[in-house]
Amino acid sequence: ALLRPVIDATRKVPKAFTQVIVILPKGVTATGQTVEGVDLVVVDTLGHAADAYPPAAKGFPVVVVRPDGVVGAVVGGEDGLKKYIESVFV
């Protein structure tokens, strides 16, 4: 339920500039899982993503990685992502 608005927010950016990857926490099975609008679903089996990007106070962290591989932003959910997109793609 929390994921859909974030995925929808990425649609405001040209597809050539986006790739949506969902990282599930360790212990969750993702075999064969697909989500509409998501390019890749992976499981954080060793907990590295959870350690680096702990859950935000509300919802979950959204990590924006630029095309050059640099983290552009770590924002909290849909509202944070929308603000980031508006500031970059004006």
Side-chain angles (χ1 to χ4, degrees):
L2 292 173
L3 186 57
R4 178 56 44 202
V6 172
I7 294 168
D8 291 345
T10 66
R11 292 186 176 141
K12 296 178 185 206
V13 178
K15 183 64 179 162
F17 294 111
T18 63
Q19 186 174 32
V20 178
I21 300 170
V22 173
I23 303 173
L24 299 173
K26 64 181 173 182
V28 174
T29 302
T31 306
Q33 283 193 19
T34 59
V35 178
E36 181 185 350
V38 174
D39 299 297
L40 181 63
V41 177
V42 297
V43 177
D44 183 19
T45 57
L46 299 177
H48 294 303
D51 291 343
Y53 305 104
K58 292 183 179 180
F60 51 90
V62 175
V63 180
V64 179
V65 181
R66 301 182 334 201
D68 61 0
V70 174
V71 173
V74 179
V75 298
E78 172 192 10
D79 291 338
L81 181 58
K82 284 182 177 178
K83 287 177 185 174
Y84 177 79
I85 289 170
E86 290 169 2
S87 71
V88 173
F89 295 94
V90 179

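Values below: all heavy atoms of this structure, side chains included; hydrogens, waters and symmetry mates excluded.
Nearest approach of Ala9 to Lys82, heavy atoms of both residues: CB-CG, 4.1 Å. Closest non-hydrogen pair, Gly77 versus Val6, comes out as C-CG2, 4.0 Å. Among all heavy-atom pairs drawn from Gly37 and Arg11, the shortest one is CA-NH2, 4.2 Å. In terms of heavy-atom proximity, Thr18 sits nearest to Thr10 at CG2-O, 4.0 Å. Taking each heavy atom of Lys26 and Gly47 in turn, the nearest pair found is CD-N, 4.4 Å.
There is a path of hydrophobic side-chain contacts, each under 4.5 Å, that joins Val75 to Phe89.
Counting heavy atoms from C-beta outward, Ile23 and His48 have side chains that stay 4.5 Å or more apart.
At distances below 3.5 Å, not a single donor-acceptor pair connects side-chain atoms of Asp44 with backbone N or O atoms of Pro25.
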Report task. Give the C-alpha distance, both sets of side-chain angles, the deciding distance and a yes or no for side chain to side chain contact (heavy atoms under 4.5 Å, CB included) between Leu81 and Lys12. Result -> CA-CA 11 Å; Leu81 181 58; Lys12 296 178 185 206; over 6 Å; no
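Ion pairing between a basic and an acidic side chain is recognised when a charged N comes within 4.0 Å of a carboxylate O; Arg4 and Asp8 show such pairing.
Val43 pairs in a side chain to side chain contact (heavy atoms under 4.5 Å, CB included) with only one of the listed residues (Val41, Thr45, Leu46), which is Thr45.
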